[in-house]
Amino acid sequence: MAQKELAKAYNPTEAEERIYKLWEESGFFNPDNLPDAKKREPFTIIMPPPNANAPLHVGHALFLTIEDILIRFNRMQGRRALWLPGSDHAGFETQVVFEKKLEKEGRSRFKMERKELYKEIWDFVQNNKHISEQGIKRMGSSCDWSRNTFTLDPAIIEIVYETFEQMYKDGLVYRGQRISNWCIKHQTSLSDLETKYEERSEPLYYLKYGPFTIATARPETKFGDKYVVMHPEDKRYTQYKHGDKIEVEWINGKITATIIKDEAIDQEFGTGVMTITPWHDPIDFEIAQRHGLDKEQIIDKLGRLLPVAGEFQDMKIKEARPLIVEKLKTKSLLEKVDEDYKHNVQLCYKCNSVIEPQIIPQWFVAMTKSLKDGRPSLRDMALQATENNEVKIIPERFEKVYTHWMQNLRDWAISRQIAWGIPFPVWYCNVERANMPRIHFADFTVEQVLNGKTKTYRLKNKGHNISDKVRLVNKTTQEVFGYATITNVEIKKIKDIDLSDKAHYSTYKNLDELLVAFKRHYPPDQKIDGETESYIYDYAFEALSPENTKDGCGQIIISGEAPKKCPVCKNKNLTQDPDTFDTWFSSGQWPYATLMAQGKKDFETYYPTQVMETGWDILFFWVARMIMFGIYKTGQKPFSTVFLHGIVRDKDRQKMSKSKGNVVDPLGVIDTYGTDALRFALIFSTSAGTDIPLSEDKVKGMKHFANKVWNIARFVLTNLEKSKNKKQKTKLQPKTENDKKILEQLEQTIKEVTNNLENFRLHEAAQSIYQFTWRDFADVYIEASKKQLSNSMELDSGKSSAAKTSAELRENTQRILLYCLQNILKLLHPFMPFVTEEIWQQMENEQLLMVETWPRLR
RNA sequence: GCGCGGUUAGCUCAGUGGUAGAGCGACUGAUUGACGUUCAGUAGGUCGAAGGUUCGAUCCCUUCACCGCGCACCA
């Protein structure tokens, strides 16, 4: 046999790059190139697209390992195994990272043009995307790079738009003036999932509100409270009827309060009475909705108090609260204070700022609304899929978690006020968002000229005086401030952007108020120079030129491309919705979108997919939504099995995080111990869905195992007859007890590994092959074979026949050794692809081990 | 408040209705060899507590304790 002598020890760094290239060049990562591809049964895994911007971390290493094992196993079993890779633009996540970078450079996204910001992030991500893909390759991932997809690929965006339009027609997405979780730092709304709660201890104030006592932890929101709510069955308050009006002395003077009876009130809590702030509290909002009550904004989007707060206007919550409490005290409205009141505060999951609920017009997905064609709601379709086992979740216990979450689902807010994402394909026929030529102001100056007794105002930009009536628009948020004219002041402010509802317009009486609004939103550098008081705004503004101030009809047009004019009123001034989609709106469509993006044939061949493998931490974010979208859009479940893995932790069970400094860099580990060692360590001795502690010792141990396999091969190959044809046609005959035993053990191992892999018990499969290879084969059989290979072995019979027997035995032993080795390499290949393929190649096999057939029972 | 998971060797974790397993670590010995070592062996666990079902429980049921987590809510 023309074996090359194997090196003394396995050198992963030398082999891995070469082997990966060999696989890649074979073309077999693309299942359509596999032998007899068309006869094969498809087996598809869509890779959860990693954040294109993030370098490979150990969590990626884990899921890449698991999915690659499943893919390689199925490929060897003769299936048409497609593993489709991709990456995610990860809207909010990435923008947050980028904003930090800007901050370091002394810049701010709020001072940038949206397009410019998008472009910069695009370039930033493209650079990192390449790095992340290199990492995936180094893990040995046998995914089909020819189908690599990015969530911002034009084909994907087109499908996302199509889905959105379809849902719009089906009434499943709607634009609503609803309360949202608003992050003051990031200036965007967030879904319920993107916030977290933290228990804090804060004073609870008991305030006198006419004849009632109400409790609040947030006195700064209470200025506009004019409804007092109690339970309809509360016996203490039977003398008050729903709708009664009473006069009460409140923070800034007398107001008229209205009695509201609502069952949402907990009679046990405090006095059983509360006042409501619908603009800034979800529960209050719902009560107001139920009874059709007024809603008033008290706090602006930057967390400052509005004019309703009187003397506290423009103050931030933190500074205003103690002053307000002080005022309440002097007015004798403060009854008592519970200093150590514990409650949960809702925070932004990224920056930990307190979430300020705000009413913002946004797009929502209706989760519980049945379809017009009689199909159940998105939620119910998805629930049915798991109930009747069309979609199976492993481990099973997560099915309960999933069901519970689904049953308590609220509508999903999908608008994000950030640049990095897929823009809404929505156009408003409305002048306030008109997109026509504008006068641009980079640095915008409002001058208040004191000229004797009269005041005049000038809007200045780089020396230009603007004398026309102009409309002031903040370019970043597209917020309209109003009209401004120098001599004839006519200023409108639009509080929120539901432009179809004229009731939400508010008007500034004069430029003074406009200035106040500016100052509140954008603290200026104030400069007083002689008689001229200038406020210089270092923010980008645009002013619409007068010819574009004609009102539109309010029509909403769904279109990916800018429509030329409004189909209803022919108005040409259409504005695109300034928001972008929640990332999960696009990644939720990933299974069918990726396949559709390859063309109809791919979708027909590979959809529905077999396995969705991902972390349990994104079960709600992602898996639930994929099931809903998939069934809605294609009428079929997107996958039949959801396989959930745990979180990789450090050896002390600590969650890895940059701040703790315990982050394991998988590429560093690979450099030291090799990819196979890392892969095996990640799945060895850990069951599905439980968290995985990873220690260096474990990886080290698995490196030893890779090396052991190498040396087993070395032993077997060097002990073969030089001229021996390695092809074995005749059946193996066990001649000794050892022979018999090892072949039985091998059969058993094949059974176990196959069965365990089929049932997603990867760790048990790994342990089984480990045990067989090292203990049964290396320690026992190989040791025994040394005697069987020896010519001088003594046998009972006569001399010549003894020689013959001994030669026969030797030959048979060689065959068994080789047979076992071949099977070990095959069984181990999904787990340790590099070392096994490397040995296979050294054995001068014609075919790649990657596409060899999986061991069968004899 | 509702729910979930865990508690097994010094450490990290598998596992099973019938004398308890792995990796790492510890200890003893062997080994010039296929093996950047490896092998043989030793020590070490009333499988969180109590009760129940069973011929038999670490495993199934109930209760409890401790640790961890998810969801919801707090005027």
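Here is how names work: the chains are called A, B, and so on, in the same order as the sequence lines, proteins then strands, and each is numbered from 1.
Considering only side-chain atoms of A:Glu783, the nucleotide from B:G23, B:A34, B:G36 that sits closest is B:A34. Closest to the side chain of A:Arg397, out of B:C35, B:A34, B:C4, is B:C4.
Taking only side-chain nitrogens and oxygens, A:His404 never comes nearer than 4.0 Å to OP1 or OP2 of B:A72. Applying the 4.0 Å criterion to OP1 and OP2 of B:A72, one finds that A:Arg410 has every side-chain N and O outside that range. Taking 4.0 angstrom as the limit, A:Trp774 places none of its side-chain polar atoms (N or O) nearer than this to OP1 or OP2 of B:U38.
The gap from the C1' atom of B:C61 to that of B:G23 amounts to 34 Å, rounded to the nearest Å. Rounded to whole Å, the C1' atom of B:G17 lies 24 Å from the corresponding atom of B:C64. For B:G25 and B:G44, the C1' atoms lie 12 Å apart once the distance is rounded to whole Å. Here the separation of B:G6 from B:G15, taken at their P atoms, is 10 Å to the nearest Å. B:G68 sits 14 Å from B:C13 when the P atoms are compared, rounded to a whole Å.
Of the two residues contacting RNA chain B, namely A:Phe620 and A:Ala9, the nearest-nucleotide position lying further toward the 5' end is that of A:Ala9. Both A:Tyr770 and A:Phe715 lie close to RNA chain B; mapped to their nearest nucleotides by heavy-atom distance, the more 5′-ward contact belongs to A:Tyr770.
Under a 4.0 Å N-O distance rule, the pair A:Arg397/A:Glu399 does not qualify as a salt bridge.
Judged by distance alone with a 3.5 Å cut-off, no donor-acceptor contact links the side chain of A:Lys8 to the base of B:A34.
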